[in-house]
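Single-structure report; data block below.
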Amino acid sequence: MDAPTTTDANLLKRLEQLLIQGSSDNSHLQRTLELILAHFDCVTGTIHGLDPKSGLLVLLAQRGIPEVIMEKVSRIPVGKGMAGLAAQRKEAVQVCNLQTDT
């Protein structure tokens, strides 16, 4: 793996500061998501957290998710969908073709 570029290092430092500061209303997670999406030039993204009581991933921040699918992404079982698979594997999930990739 290559060493992070200055831009990547700056991003990581800004993200770390946001996450350390935190907030009771999770607004820091929305700002975190916005920084990540801007860095990777993405229009849509989510941040989920694991609810220890239910064992489900719960939506904490989002941008660009259509209202018609908000119900589907607000609570996700670990192992289901891209977010659930990433949580199960504890690593990033890459997809080229949503229809065929496992």
Side-chain angles (χ1 to χ4, degrees):
M1 179 182 239
D2 296 331
T5 64
T6 303
T7 304
D8 290 341
N10 288 339
L11 173 68
L12 292 173
K13 185 172 184 155
R14 291 176 68 193
L15 292 174
E16 180 181 34
Q17 290 169 344
L18 275 172
L19 294 172
I20 287 171
Q21 290 170 356
S23 65
S24 60
D25 64 357
N26 286 338
S27 61
H28 67 292
L29 294 177
Q30 189 65 42
R31 291 191 306 274
T32 298
L33 179 61
E34 296 295 336
L35 279 174
I36 293 167
L37 295 177
H39 180 78
F40 291 103
D41 196 25
C42 297
V43 295
T44 303
T46 63
I47 294 178
H48 287 82
L50 183 63
D51 177 0
K53 290 181 183 176
S54 69
L56 296 172
L57 298 174
V58 294
L59 184 65
L60 301 175
Q62 67 88 19
R63 183 177 82 185
I65 303 296
E67 193 62 40
V68 296
I69 64 167
M70 283 295 291
E71 185 179 326
K72 300 278 187 201
V73 301
S74 64
R75 300 178 67 76
I76 300 172
V78 172
K80 181 157 175 91
M82 291 175 63
L85 191 57
Q88 182 180 49
R89 294 180 180 176
K90 297 182 180 171
E91 62 184 33
V93 175
Q94 279 189 318
V95 176
C96 292
N97 186 325
L98 284 172
Q99 305 249 326
T100 60
D101 284 359
T102 58

Start with the C-alpha distance between V78 and L50, add both sets of side-chain angles, then the distance that settles side-chain contact (heavy atoms from CB on, under 4.5 Å), and finish with yes or no. CA-CA 9 Å; V78 172; L50 183 63; 4.0 Å; yes
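- Of all heavy-atom pairs between H39 and D8, the closest is NE2-OD1, 2.9 Å.
- Residues passing the side chain to side chain contact (heavy atoms under 4.5 Å, CB included) test with T44, sequence neighbours excluded: I65.
- Counting only residues at least two apart or on different chains, the salt bridge (charged side-chain N to carboxylate O under 4.0 Å, His left out) pairs with a member in residues 19-46 are E34-R63.
- Here the CG atom belonging to L11 is positioned 6.5 Å from the CD1 atom belonging to I36, to the nearest 0.5 angstrom.
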Only distances under 3.5 Å count here; give the side-chain donor-acceptor pairs of residues 51-59 to other protein atoms, sequence neighbours excluded, each with its distance to 0.1 Å.
residue	atom	partner	partner atom	Å
D51	OD1	K53	N	3.0
D51	OD2	S54	OG	3.1
S54	OG	L56	N	3.1
S54	OG	R75	NH2	3.4

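- Sorted pairs that involve residues 76-86 and meet side-chain hydrogen bond (donor to acceptor under 3.5 Å, both in side chains), not counting sequence neighbours, are lacking altogether.
- Going from atom CG of N10 over to atom CG of L15 covers 10.5 Å, rounded to the nearest 0.5 Å.
- To the nearest 0.5 Å, atom CG of residue L35 and atom CZ of residue F40 are 11.5 Å apart.
- The side chain to side chain contact (heavy atoms under 4.5 Å, CB included) check on Q17 picks up K13, with sequence neighbours excluded.
- With hydrogens and angles disregarded, a donor-acceptor distance shorter than 3.5 Å links the side chain of Q30 to the backbone of Q62.
- In this view, P66 and V68, I69 satisfy the side chain to side chain contact (heavy atoms under 4.5 Å, CB included) rule, not counting sequence neighbours.
- Remark: L19 pairs with H28, L29, T32 by the side chain to side chain contact (heavy atoms under 4.5 Å, CB included) rule, at least two apart or across chains.
- Here the SG-CG distance, from C42 to L33, works out to 9.5 Å after rounding to the nearest 0.5 Å.
- Open room surrounds CD on E71; 12 or fewer heavy atoms of other groups in view lie less than 6.0 Å from it.
- Residues L85 and I76 fall into different hydrophobic clusters, defined by Ile, Leu, Val, Met, Phe, Trp and Tyr side chains chained together at heavy-atom separations under 4.5 Å.
- Within 6.0 Å of CD on Q88 lie more than 12 heavy atoms contributed by other residues, nucleotides or ligands.
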